[in-house]
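Shown next, in structure tokens, is the structure this report addresses.
The first residue of the sequence shown is numbered 1, and numbering continues consecutively from there. Both ligands and their constituent atoms are indexed starting at 1 by order of listing.
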Amino acid sequence: MTSSSLFQTYNRSELTFERGEGVWLIAADGRRYLDCASGIAVCGLGHAHPKLVAALQSQAEKLWHVSNVYQIKEQEDLAQLLTNNSFADRVFFTNSGTEATEGAIKTARRYHYANGDSGRVDIITFEGAFHGRTLAALAAGGQEKYLEGFGPVAGGFKQVPFGDLTALEAAIDENTAAVMLEPIQGESGIKPFKLEQLRQIRQLCDEKGVLLIFDEIQCGIGRTGKLFAHEWAGVTPDVMAIAKGIGGGFPVGAFLATEDVAKAMIAGTHGTTFGGNLLAMAVGKAVLEQILEDGFLEEVQAKGLLLKQKLARLTDLYPQVFEELRGEGLMLGLKCKAPAADVLNAMREEGLLPVPAGENVLRFMPPMTISNDEIDQLIECAEKAAQRVETAQTAPAR
Ligand SMILES: *Cc1c(COP(=O)(O)O)cnc(C)c1O
């Protein structure tokens, strides 16, 4: 048994960090690592961003928390910023992603209930989905390895193969409340839906009277070069879950909906103690204001393209190590040919910190504030890591 007092639910690396500066994480021994994951798409503006630090400090001196039984102007402000820049009319703030997907599911069911169609409870998801770790979110994700040993699987969820619209159409029936999907699946290994598919799914939902929920917890908040990934497809959902990037490292989540849908969630139907906490709202607002500044998202697109081109070149140069590059903007997945764990170790030795995902993929989701120069450094280190892996592969077996 380790001497740790923590639950041993993570296979943690030995690395430990003391400070962050922009895209850099500084380890306890002083070594600087280039953060290629942003705490899994959380610290989109990098570490210790002066505007976020200032927002947190100034709110900390005023007021931290009041109950949601009172008017909270800071919540109103952030909600308005979100609705002004999205399809949504209403926002409910949570602390985490999984609470946001739970809230989205509840909202979709309640909408049909309010319309006298209380039989519509089923949520249809796609294989590979990840929507969080609460019991309903796990049922939505449908991953056997996460459900095992946790008792009865929450009812009301169905799953169809990834991207299979024929199966989706066949699965929709009079009990279907909503289709829920990540426009770009994150945990399964950076798997984007085709934009045309997103449009077809929207149309199918409209034809069948079914709601569409987008889980943009990982792909949203600027990461793809648009504020929300679904904007690339030119369609909007009825309900959306966000989290991760909106807090820039402070825990914030939210579910958003159109007025027509949100109005089913009348007083008393949902609540939270911490959700919409003032510190969270202050930071969330600072994050969003920064991302919405003129030119910011265009920069993310340009940097995403640059990183993509350079990683694609490595994929061509080291076919024994890498297999395929996929994703959009600064949400990239490098599918490895060599075991991803080996490539990850080599990357860490070279000072890079990508995070693994399904399908033998390493995710590259650096802070959106990464400079072109830092992209060059990233690529230089990634190439050295690839050479390490290649050398180890060709070394004669002993
Ligand atoms: C991370 C994630 C979640 C869960 O968010 P938590 O904050 O860990 O609860 C849900 N959906 C997607 C797409 C995610 O990436």
Within a reach of under 6.0 Å around [atom1] of [X], are more than 12 heavy atoms found that belong to other residues, nucleotides or ligands?
X	atom1	result
Glu196	CD	yes
Glu144	CD	no
Lys285	NZ	no

Exercise for the section: For the pair Asp316 and Arg313, evaluate salt bridge (charged side-chain N to carboxylate O under 4.0 Å, His left out) and give the outcome as yes or no after the intermediate values. Expected result: CA-CA 5 Å; Asp316 290 342; Arg313 187 187 135 259; over 6 Å; no

Contact (N/O only, under 3.5 Å) between [X] and ligand 1:
X	answer
Ile217	no
Gly97	yes
Asp215	yes
Glu187	no

Quick check on contacts: which atoms of ligand 1 are under 4.0 angstrom from a heavy atom of [X]?
X	answer
Thr98	4 (C), 5 (O), 6 (P), 9 (O)
Ser96	7 (O), 9 (O)
Gly132	4 (C), 10 (C)
His131	10 (C), 11 (N)

Exercise for the section: Applying side-chain contact (heavy atoms from CB on, under 4.5 Å), run through Glu21 and Arg32 and close with a yes or a no. Expected result: CA-CA 10 Å; Glu21 289 169 10; Arg32 293 165 72 85; 3.2 Å; yes

Exercise for the section: May I ask you to identify, for Glu182, whether its side chain, its backbone, both or neither come under 4.0 Å of ligand 1 on a heavy-atom basis? Expected result: side chain

Practice task
For ligand 1, note which part of Lys244 has a heavy atom under 4.0 Å away: side chain, backbone, both or neither.
Solution key: side chain

Practice task
Measure from NZ or CZ of Arg202 to the centre of the six-membered ring of Phe193 and say whether it is under 6.0 Å with the direction within 45° of the ring axis.
Solution key: no

Exercise for the section: Mark yes or no: Lys191 above the aromatic ring of Phe162, with NZ or CZ under 6.0 Å from the six-membered ring centre and no more than 45 degrees from the axis. Expected result: yes

Practice task
Taking the six-membered ring for Trp and the single ring otherwise, decide whether the centroids of Phe93 and Phe255 are under 6.0 Å apart.
Solution key: no

Problem - Heavy atom of protein closer than 4.0 angstrom to atom 9 (O) of ligand 1 - result: yes

